[in-house]
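See below for the structure under consideration.
Atom set for the values below is all heavy atoms of this structure, side chains included, hydrogens, waters and symmetry mates excluded. Since we're looking at a predicted model, the values are computed, not measured.
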Amino acid sequence: MTLRKGEKMTISIQEHMAIDVCPGPIKPIKQISDYFPRFPRGLPAGVGRSSTLRSAVSQPSVSPAEAPREEDEDVDQLFGAYGTTPSEQPAKCQAPEEVVDPEGYESDDCTTLGTLDFSLLYDQENNALHCTINKAKGLKPMDHNGLADPYVKLHLLPGASKANKLRTKTLRNTLNPTWNETLTYYGITDEDMIRKTLRISVCDEDKFRHNEFIGETRIPLKKLKPNQTKNFSICLEKQLPIDKTEDKSLEERGRILISLKYSSQKQGLLVGIIRCAHLAAMDANGYSDPYVKTYLKPDEDKKSKHKTAVKKKTLNPEFNEEFCYEIKHGDLAKKTLEVTVWDYDIGKSNDFIGGVVLGINAKGERLKHWFDCLKNKDKKIERWHTLTNELPGAVLSD
């Protein structure tokens, strides 16, 4: 700026502040990204800031085809420790595209949730499904210490959850638990093996809050062959929705294992109440207090009633009780065996859970069981039967 003689130098307030605050020529301020190159998850510990800055700023850009082999390996090593590949880096092989989970976890469930090793065996003769939970590897950390307290629970779908829930013990502070525990479902029929699915869930147990879900897998039972053990090593998946409509339409009251034998020595019919499975829950706590009653009808004297002990808070009770009805073998063809299962309640009427009727007028497995008993004296015959919520002509009050 040139001044004429006699003129005073005037300075604007903006120029005054600039002179006081920023003496000398004013240069453009660099962005912070010029000083800190952007890495996917922070600067690796083994790389110095100065060397990185020089390589990021001073080196000329090179096309992927011209990049030396050593630099490719360095970049792979640099980013490989963080599980991420920069978008600018050319892929060496065609890999499946990964979708980022909104919660911040990768979509590769094997990496984030872990794997589970187990085996399944369908014992067709004894109507049992044996589930052996072996071990899990690389489970997702759920606690503040970077570990978890995992356990495994099983459900048969469709069906009431508590009625057919089994679970392993809990192992503390581990992401690689080994259970080697066998859980068994009883009363499994060939029909179940066709239409049911086994849901296996891994969860983290918490003492002071709700247990947390880690991952699950589902196995259609039709994949199993009778009496052949099948081993699985499967990546856990995120929780899948359950079809509530399907559950309700196929809801059952439970099953009961009954043994029949006509004893020539005792001149009577021996009825064994062995166990029940997957009973309907009748109490507010999600369980029942079941017991079983039996009648041999027609019962004009009303003396044929027998009753088992009550089993508290269970949907899979084991009774192992036997009752004897003194009757001639020739008269059995005219009789009907009525078996009912009840939930015991204090201070109010007991709740009817379900029942089954065996006799000459029955159908299917119920008729076959009765017929086999009449045909084979002194031979105990055990069969599972599905409970129904209505029995024709039965007394549904206790």
Side-chain angles (χ1 to χ4, degrees), residues 122-129 184-193 226-227 252-279 290-311 316-342 353-388 390-396:
Y122 173 46
D123 184 353
Q124 191 175 33
E125 182 180 355
N126 296 309
N127 296 104
L129 176 64
T184 302
Y185 281 107
Y186 296 98
I188 301 298
T189 63
D190 292 341
E191 182 185 355
D192 292 330
M193 297 301 294
N227 306 315
E252 297 175 352
R253 308 296 291 181
R255 294 176 188 183
I256 185 168
L257 180 58
I258 302 172
S259 69
L260 297 179
K261 174 185 173 181
Y262 185 82
S263 173
S264 301
Q265 181 181 358
K266 295 184 178 181
Q267 289 292 304
L269 175 66
L270 301 180
V271 178
I273 305 300
I274 302 172
R275 69 191 311 151
C276 294
H278 318 155
L279 293 180
Y291 67 94
V292 180
K293 294 192 302 180
T294 64
Y295 292 91
L296 191 62
K297 296 186 173 182
D299 181 24
E300 297 175 357
D301 299 331
K302 296 185 179 180
K303 294 181 179 180
S304 70
K305 175 182 174 181
H306 289 285
K307 185 161 59 172
T308 68
V310 176
K311 301 295 180 180
N316 298 280
E318 192 168 350
F319 298 100
N320 290 320
E321 296 189 38
E322 191 174 71
F323 309 118
C324 180
Y325 291 101
E326 293 182 4
I327 186 173
K328 294 179 181 179
H329 183 267
D331 294 338
L332 273 180
K334 306 173 186 176
K335 295 288 186 178
T336 296
L337 179 67
E338 181 183 293
V339 182
T340 54
V341 184
W342 299 78
I353 296 178
V356 62
V357 174
L358 308 179
I360 202 70
N361 296 320
K363 295 180 180 179
E365 283 295 319
R366 295 166 294 164
L367 174 61
K368 189 174 186 300
H369 194 184
W370 189 254
F371 179 76
D372 289 345
C373 172
L374 299 182
K375 187 178 178 181
N376 302 282
K377 284 186 179 182
D378 300 311
K379 181 180 179 181
K380 181 183 285 189
I381 301 173
E382 295 182 358
R383 294 277 166 79
W384 282 94
H385 298 282
T386 300
L387 300 174
T388 59
E390 289 185 5
L391 295 180
V395 179
L396 299 184

### Heavy-atom donor-acceptor pair, R253 side chain to I353 backbone, under 3.5 Å
yes

#### Entry: Reference residue L337; test side chain to side chain contact (heavy atoms under 4.5 Å, CB included); the match among L260, V357, V356
L260

### Query
Is there a side-chain contact between R383 and D372 (heavy atoms, below 4.5 Å)?
yes

### Message
We want to know whether Y122 and D190 form a side-chain donor-acceptor pair, criterion being a heavy-atom distance below 3.5 angstrom.
### Response
yes

### Message
Taking salt bridge (Lys or Arg N to Asp or Glu O under 4.0 Å) as the criterion, tell me which of K297, K305, R366 meets it with E338.
### Response
K297

### Task
Identify which one of T386, I188, L387 satisfies the side chain to side chain contact (heavy atoms under 4.5 Å, CB included) criterion when paired with H278.
I188

### Message
For the CG atom of D378 and the OG atom of S264, what is their distance to the nearest 0.5 Å?
### Response
3.5 Å

### Query
Okay, side chain of K335, backbone of P298: is any donor-acceptor separation there less than 3.5 Å?
yes

### Query
For W384 and N126, which heavy atoms make the closest approach, and how far apart are they?
NE1-O, 4.1 Å

### Minimal non-hydrogen separation, T184 against A128, with atom names
CG2-CB, 4.0 Å

#### Entry: Interatomic spacing from CG in N316 to SG in C276 - rounded to 0.5 Å
9.0 Å

### Task
May I ask you to check whether over 12 heavy atoms, not counting those of F371, lie within 6.0 Å of atom CZ?
no

### Task
Evaluate the side-chain proximity of K261 to E322: yes if any heavy-atom separation is below 4.5 Å, no if none is.
no

### Task
Spell out, as yes or no, whether a donor-acceptor pair under 3.5 Å connects the side chain of Y262 to the backbone of I327.
yes

### Task
Using a 4.5 Å cut-off on heavy atoms from C-beta on, say whether the side chain of V339 contacts that of L358.
no

### Query
Is there a donor-acceptor pair under 3.5 Å between the side chain of Y325 and the backbone N or O of S304?
yes

### Task
Would you confirm whether T336, through its side chain, and G359, through its main-chain N or O, come within 3.5 Å as a donor-acceptor pair?
no

### Message
When you compare the side chain of P317 with that of Y291, does any pair of heavy atoms fall below 4.5 Å?
### Response
no

### Short side-chain to backbone donor-acceptor contact, T388 and G355, under 3.5 Å
yes

### Task
Taking N227 for its side chain and D123 for its backbone only, find out whether a donor-acceptor pair lies under 3.5 Å.
no

### Task
For residues L367 and A362, report the shortest heavy-atom separation together with the two atoms involved.
CB-O, 3.4 Å

### Query
Minimum heavy-atom separation for L374 to A333, with atom names?
CD1-CA, 4.3 Å

### Query
In terms of ring plane angle, is the pair H369 and H385 parallel, tilted or perpendicular, where the classes change at 30° and 60°?
parallel

### Donor-acceptor pair, side chain of E321 and main chain of A309, under 3.5 angstrom
yes

### Task
Measure across F319 and I273 and return the closest heavy-atom pair with its distance rounded to 0.1 Å.
CB-O, 3.5 Å

#### Entry: Contact summary for C373 and I381, nearest pair of heavy atoms
N-CD1, 3.8 Å

### Check: K307 and W342 side chains under 4.5 Å, non-hydrogen atoms
no

